[in-house]
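Each chain gets a letter, A, B and so on, in the order the sequences are listed, and its residues count up from 1. Every heavy atom of this structure was used, including side-chain atoms; hydrogens, water molecules and symmetry mates were not. Here the structure is a predicted model, which is why all the values come from computation and not from measurement.
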Number of protein chains: 2
Amino acid sequence: MADTDTLELLLRKLERHTPLPEADRRAVLALPAHGRSVPPATYLVREGEPPTSCVVLLSGFAFRHKIVESGARQIVSLHLPGDALDFQSLYLRYADHNAQTLTRADLAVVPIAAMRELVTTRPLVARAVLMDLLIEASILREWIVNIGRRNARARLAHLLCEFACRMDIIGLSEPDGYALPMTQEQIGDALGLTSVHVNRSIKALSQEGLITRKGRLIGFPHIKELREVGDFSELYLHLDEAIG
Amino acid sequence: MADTDTLELLLRKLERHTPLPEADRRAVLALPAHGRSVPPATYLVREGEPPTSCVVLLSGFAFRHKIVESGARQIVSLHLPGDALDFQSLYLRYADHNAQTLTRADLAVVPIAAMRELVTTRPLVARAVLMDLLIEASILREWIVNIGRRNARARLAHLLCEFACRMDIIGLSEPDGYALPMTQEQIGDALGLTSVHVNRSIKALSQEGLITRKGRLIGFPHIKELREVGDFSELYLHLDEAIG
DNA sequence: CATATTGGGTAACTTATGTTGCCATACACT
DNA sequence: AGTGTATGGCAACATAAGTTACCCAATATG
């Protein structure tokens, strides 16, 4: 994948909520980024290590996670193509979590120094980064709510709805559903459940006719009902936040 | 409380991780803020409403929460004196959560426009705000892990340790513990538990000798063991992150 | 080819946590 | 003083979710 494609996608990400003036756009496109393709399960960030670069997902999926003392894993966020994986690394000395690819992925890798320089000298780029972080924090809050106060069936429905929404934003949604790029164990780790119980919950939603399945391809014949089951409202995704 | 005290505290918050040049400090102190005292349970932000101002907690405690369809509440973060409650409001059109005081509190209220202007024209202030957000996101991730993958006893121990650490940072810790400004029901809402089970868990920690109690005053005779029980490591609080 | 390995599926059983309900104390309000 | 309301405490019982232990199919791997 050519480096220009790389930076186009980063730019699109930054401009999702607020357009940038031409000078800023050029500065973004002039970043010294390079592309890189990696297999599934590649570590992009390791807890406790100092960050080395800013990574943007061009294609493929990724997740962040932490391991607790018992050895259990909790996935704390999912990332889709276009997501900037590590604004964290901009100003924090050590990573507080791991990040790993879920699938094969193409990455844009930007040196931290260049990204810092950009954010420092371009207030509107800084604002775009800030907005992205605000929205990420909002999603984290909703995940806390999901895990803390909803039962397994609702949690799963909520995750499926969120993924559908986010796929939709970046134009990756098919008319009849999508392929969720996660094993049932990974879904469990994202929802604070065991894989066995995820399996039970999938079966439940399936038998109720709320989802259909062909392997990992999931269809949503009654999206309205599914959203109700998952108590899902996309407000927390702040989809339409353009500010003058 | 005088307005100057107000802004001093905001400045101290912003400079926690990176000192600001004199011009920036003066700009912060020149913000058109005003003080306000409010009783417990005062709403500072309401989900779905457009933000009206940036609030900084001068004294007292606050929390953010969301209500799910079943009526259950999940507290998604706690805030101590010095915390800026709403950088969110800087660039997002609608609040995605509620914020409410836990106790009597003194607030510094800054108009959004002034805060935006400051962040736009002062890159180093923008950086300080960004760092604050990055750390807040890190805490949110740790809460997801806590709720998703630890049992009630560990969750509670973790919360107590986090609170101890954060009280310590701002110089509010007493040698022998602190008064946790929350009812058992609120603790439950923060941990994804019921108040009954919080009561059980407090009793358990108490009987093991890991905490002592006089009303809401909690002591930590064996902080090391308590941290082990809570699988607590303060790395995620990014306490020492000064970057050149 | 043989055979690990991974992922999905499911049953039987266990357990952590939730639910309901009740009592006691402390305080706030009239 | 008297009555309500919030909070902590606790026991009895209910249940959602975890644990363990299998099977099967698909697909890497030697």
S.K.: Is it the case that H197(A) and R200(A) place a side-chain donor and acceptor less than 3.5 Å from each other?
M.R.: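 There is such a pair between these side chains.
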S.K.: Rounding to an integer number of Å, can you tell me how far L191(A) CG sits from dA16(D) C1'?
M.R.: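 After rounding, the gap between these two atoms is 15 Å.
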S.K.: Ignoring backbone atoms, establish whether R216(A) has a side-chain N or O less than 4.0 Å from OP1 or OP2 of dG7(C).
M.R.: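 Checking dG7(C) against R216(A), no side-chain N or O comes under 4.0 Å of OP1 or OP2.
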S.K.: Please check if the side chain of R155(B) supplies one atom and the backbone of L191(B) the other of a donor-acceptor pair under 3.5 Å.
M.R.: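 Judged by distance alone, yes, a pair lies under 3.5 Å.
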S.K.: So among L44(B), D96(B), V76(B), N98(B), which one has a side-chain contact (heavy atoms from CB on, under 4.5 Å) with R64(B)?
M.R.: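 Output: one option passes, namely V76(B).
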S.K.: Whole Å only: how far is the CD atom of E185(A) from the P atom of dT5(C)?
M.R.: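 Nearest whole value for this atom pair: 16 Å.
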S.K.: Of the options dT19(D), dG8(C), dG8(D), whose atoms approach the side-chain atoms of T183(A) most closely?
M.R.: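 When the side chain of T183(A) is considered, dG8(C) is the closest of dT19(D), dG8(C), dG8(D).
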S.K.: Please report, rounded to the nearest Å, how far the P atom of dT7(D) is from the CD atom of Q184(B).
M.R.: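 The answer, rounded to whole Å, is 11 Å.
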S.K.: Does dG9(C) have its OP1 or OP2 closer than 4.0 Å to a side-chain nitrogen or oxygen of N199(A)?
M.R.: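 It does, given that an N or O in the side chain of N199(A) lies less than 4.0 Å from OP1 or OP2 of dG9(C).
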S.K.: Counting heavy atoms from C-beta on, name the nucleotide in dG7(C), dT17(C), dT20(D) closest to the side chain of R155(B).
M.R.: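 Side chain of R155(B) sits closest to dT17(C).
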S.K.: Below 4.0 angstrom from OP1 or OP2 of dG9(D), is there any side-chain N or O of K203(B)?
M.R.: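 The answer is no; no side-chain N or O of K203(B) sits under 4.0 Å from OP1 or OP2.
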S.K.: Pick base, sugar-phosphate or nothing for G192(B), based on heavy-atom distances below 4.0 Å to the nucleic acid.
M.R.: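 Counting heavy atoms under 4.0 Å across all strands, the contact made by G192(B) is with sugar-phosphate only.
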S.K.: Please report the distance, rounded to the nearest Å, between NZ in K214(B) and C1' in dT25(C).
M.R.: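 Going from NZ in K214(B) over to C1' in dT25(C) covers 19 Å.
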S.K.: Tell me whether the side-chain N/O atoms of R153(A) come closer than 4.0 Å to OP1 or OP2 in dA16(D).
M.R.: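 R153(A) to dA16(D) OP1/OP2: no side-chain N or O under 4.0 Å.
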S.K.: Nearest-Å distance, CG (L193(A)) to C1' (dA16(D))?
M.R.: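 The answer, rounded to whole Å, is 10 Å.
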S.K.: On DNA chain C, nearest-nucleotide positions of N151(B) versus R200(A): which is more 5'?
M.R.: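 Nearest nucleotide further toward 5': that of R200(A).
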S.K.: Going by atom types alone, do E208(B) and H222(B) pair a side-chain donor with an acceptor below 3.5 Å?
M.R.: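 There is no such pair (donor and acceptor under 3.5 Å, judged by atom type) between the side chains of E208(B) and H222(B).
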